[in-house]
**Student:** 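The structure follows.
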Number of protein chains: 2
Amino acid sequence: MAETPVGFSRSTEDYLKTIYGLESSGGPALTSAIAEVLEVAPPSVSGMIKRLSESGLVEHAPYRGVQLTNAGRRAALRVVRRHRILETYLTSKLGYDWDSVHEEAERLEHAASDDLIERMAMALGNPQYDPHGAPIPTKDGEIEEPETIALVDVAVGEIAELRMVGDRDPDVLRYLGALGLKPGVLFEVVGRQPFRGPITIRVIRSTKKDTDQVIGNELAQLLHCLVTEEEVG
Amino acid sequence: MAETPVGFSRSTEDYLKTIYGLESSGGPALTSAIAEVLEVAPPSVSGMIKRLSESGLVEHAPYRGVQLTNAGRRAALRVVRRHRILETYLTSKLGYDWDSVHEEAERLEHAASDDLIERMAMALGNPQYDPHGAPIPTKDGEIEEPETIALVDVAVGEIAELRMVGDRDPDVLRYLGALGLKPGVLFEVVGRQPFRGPITIRVIRSTKKDTDQVIGNELAQLLHCLVTEEEVG
DNA sequence: GAACGGATTTAGGCTGGCCTAAATTCTAAT
DNA sequence: ATTAGAATTTAGGCCAGCCTAAATCCGTTC
Ligand SMILES: [Mn+2]
Ligand SMILES: [Mn+2]
Ligand SMILES: [Mn+2]
Ligand SMILES: [Mn+2]
């Protein structure tokens with residue numbers, strides 16, 4: 001049988017990926033933040049941090065978080081590439097909905113060989129973005145830094161393109177899907193209620209062209225957009 | 001993150017699959033046989049057997065081996081189905097050679113959900129055999145018992161069809177592939193040397209039609225054939 | 001029926017990865 | 001400067017799965 005593992009352990013890979021995600025939203029990754037994402041107790045994180053830093057994958061400043069080393073970042077990006085290629089493949093080739101691929105990819109990312117991932121990427125024509133609009137790192141660890149802002153920060157009157165949404169919550173994704181709000185949709189922000197109220201957008205390019213959508217503040221924080229022009233106003 | 005496992009642990013599933021395989025070549029599965037297949041030490045097998053029988057997956061007669069319970073057999077067949085569907089999918093849809101799919105499937109079989117497996121099966125048109133000719137169990141655990149015999153046991157003058165070859169050894173598979181010896185090939189046994197000597201076959205239907213192949217005794221034990229007719233002689 | 005050899009199990013130990021409870025450290029407010 | 005509260009780490013424990021060394025059992029042979 002001889003089940004040769006394909007990289008680090010499932011657990012190690014998920015820690016590295018999580019730390020990468022937290023770092024890319026600025027600053028070092030804190031123990032409690034890692035614990036929350038991975039749904040484990042903080043002391044479990046402290047323990048893993050010790051092992052990771054002994055393996056040279058992170059640097060640990062006690063009481064102030066961890067940072068990936070180059071080796072750690074490389075390993076993390078390999079997992080991210082696997083995850084995103086898998087999500088794209090499952091969606092494009094096996095009819096998965098965009099709200100159900102994440103869970104499957106979360107497991108397969110630790111079992112699929114590089115060879116399999118590259119075959120899938122090839123079969124897909126080397127896609128640059130996953131079904132949620134997230135950039136796919138290249139084989140040698142290059143990743144596009146998206147210059148998007150949250151819908152909540154787009155001013156009224158501006159025209160923007162929806163570029164990326166978080167892939168974690170299937171319910172959110174199903175809801176957005178029903179509204180036709182997927183990456184690529186172009187819209188104008190036509191209204192915003194005060195006191196963190198909802199935002200109204202008018203869809204310009206999409207399957208649901210020319211409809212207005214009212215989007216709650218919390219949801220609007222999850223929609224990452226690229227502002228393309230400013231309306232004359 | 002919340003990596004929900006899809007079945008039993010990787011280790012448990014490989015034990016169940018191994019026990020299933022040993023049982024189907026007759027009698028109870030012995031500790032040492034399991035240890036050899038899984039490449040672990042015998043005491044590790046004793047330990048796992050204890051856990052498996054506490055979980056009701058096997059019955060253990062101390063010093064004389066284990067047998068799968070119904071629950072154990074069901075679980076084993078689910079893993080076998082996953083494995084064989086995966087091998088078929090990788091071969092048919094992603095251009096894998098038949099000698100490299102086994103290792104990949106050995107890992108993916110523990111990470112792929114039932115949903116994914118059924119989608120792959122669907123995309124393949126619900127195949128009945130994997131690339132090595134092994135029967136694929138149905139979703140509800142039915143499996144065809146192949147009535148094949150080893151080439152080594154086919155008499156000179158008989159016509160037989162190659163039906164199934166072991167999937168474990170990539171080198172053997174590469175060699176057979178180069179000879180054009182894949183499931184479906186029809187041939188006549190035209191000679192056999194004494195003292196466990198090689199067997200000569202004449203290929204009747206295949207890409208390498210009308211060639212003679214000399215096959216060593218050991219290899220001939222791995223080729224499972226269906227005798228179709230007897231030559232007039 | 002005793003003894004030998006091989007198979008198996010038991011005993012004891014290790015690592016990874018998780019947990020809770022307790023101790024420590026850092027920060028920020030007084 | 002103290003100190004309360006939150007975050008973090010340390011201490012100590014548990015389970016799955018592996019290992020080696022030692023004990024035990026079983027079938028066979030004498
Ligand atoms: Mn995802
Ligand atoms: Mn994962
Ligand atoms: Mn196989
Ligand atoms: Mn396996």
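Chain A is the first sequence line, chain B the second, and so forth, proteins listed ahead of strands; every chain is numbered from 1.
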**Student:** Using the test side-chain hydrogen bond (donor to acceptor under 3.5 Å, both in side chains), find all partners of A:Thr12 that sit at least two apart in sequence or belong to another chain.
**Tutor:**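 So A:Thr12 forms a side-chain hydrogen bond (donor to acceptor under 3.5 Å, both in side chains) with A:Ser9.
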**Student:** Tell me the interatomic distance from A:Lys50, atom NZ, to C:dT15, atom C1', rounded to whole angstroms.
**Tutor:**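 After rounding, the gap between these two atoms is 12 Å.
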**Student:** Would you mind reading off the distance between A:His110 atom NE2 and C:dG17 atom P, rounded to a whole angstrom?
**Tutor:** 12 Å
**Student:** Distance check needed: D:dG17 C1' versus B:Ile34 CD1, whole Å only.
**Tutor:**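 Rounding to the nearest Å, CD1 of B:Ile34 and C1' of D:dG17 are 15 Å apart.
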**Student:** Is a side-chain donor-acceptor pair under 3.5 Å present for B:His102 with B:His83?
**Tutor:** yes
**Student:** Starting at atom CD of A:Glu39, determine the distance to atom P of C:dC18, rounded to an integer number of angstrom.
**Tutor:**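 In whole Å, C:dC18 P and A:Glu39 CD are 12 Å from each other.
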**Student:** OP1 or OP2 of C:dT10 sitting under 4.0 Å from any side-chain N/O of B:Ser46?
**Tutor:**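 For B:Ser46, the contact criterion (side-chain N or O under 4.0 Å from OP1 or OP2 of C:dT10) is not met.
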**Student:** Strictly below 4.0 Å, heavy-atom distances to any atom of DNA chain D: list the hits from residues 5-15 of chain B, or just say none.
**Tutor:** B:Ser9, B:Arg10, B:Ser11, B:Thr12, B:Tyr15
**Student:** Whole-Å distance between D:dT10 P and A:Ile49 CD1?
**Tutor:** 11 Å
**Student:** Which of residues 51-74 of chain A have a heavy atom under 4.0 Å from DNA chain D?
**Tutor:** A:His60, A:Pro62, A:Tyr63
**Student:** Does the side-chain contact (heavy atoms from CB on, under 4.5 Å) test come out yes or no for A:Gln67 and A:Val58, once each step is laid out?
**Tutor:** CA-CA 5 Å; A:Gln67 280 191 300; A:Val58 302; over 6 Å; no
**Student:** Consider side-chain hydrogen bond (donor to acceptor under 3.5 Å, both in side chains). Of B:Arg163, B:Arg84, B:Glu144, which one does B:Tyr129 pass it with?
**Tutor:** B:Glu144
**Student:** Under 3.5 Å, is there a donor-acceptor pair between the side chain of A:Arg192 and the main chain of A:Ile199?
**Tutor:**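 The answer is no, because no donor-acceptor pair under 3.5 Å joins these two groups.
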**Student:** Report yes if at least one side-chain N or O of A:Ser44 is closer than 4.0 Å to OP1 or OP2 of C:dC18; otherwise report no.
**Tutor:**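 Looking at the OP1 and OP2 atoms of C:dC18, neither is under 4.0 Å from any side-chain N or O of A:Ser44.
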**Student:** Map B:Leu30 and A:Val40 onto DNA chain C by nearest heavy atom, then report which one ends up closer to the 5' terminus.
**Tutor:**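 Nearest-nucleotide comparison on DNA chain C picks B:Leu30.
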**Student:** Without decimals, in angstroms, what is the distance between B:Met48 CE and D:dC19 P?
**Tutor:**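 Atom-to-atom, B:Met48 to D:dC19, this comes out as 11 Å.
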**Student:** Between A:Ser32 and D:dT8, does any side-chain N or O lie under 4.0 Å from OP1 or OP2?
**Tutor:** yes
**Student:** Give the rounded distance in Å between these two atoms: CD of A:Glu36 and C1' of D:dA7.
**Tutor:**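 Interatomic distance, CD of A:Glu36 to C1' of D:dA7: 13 Å.
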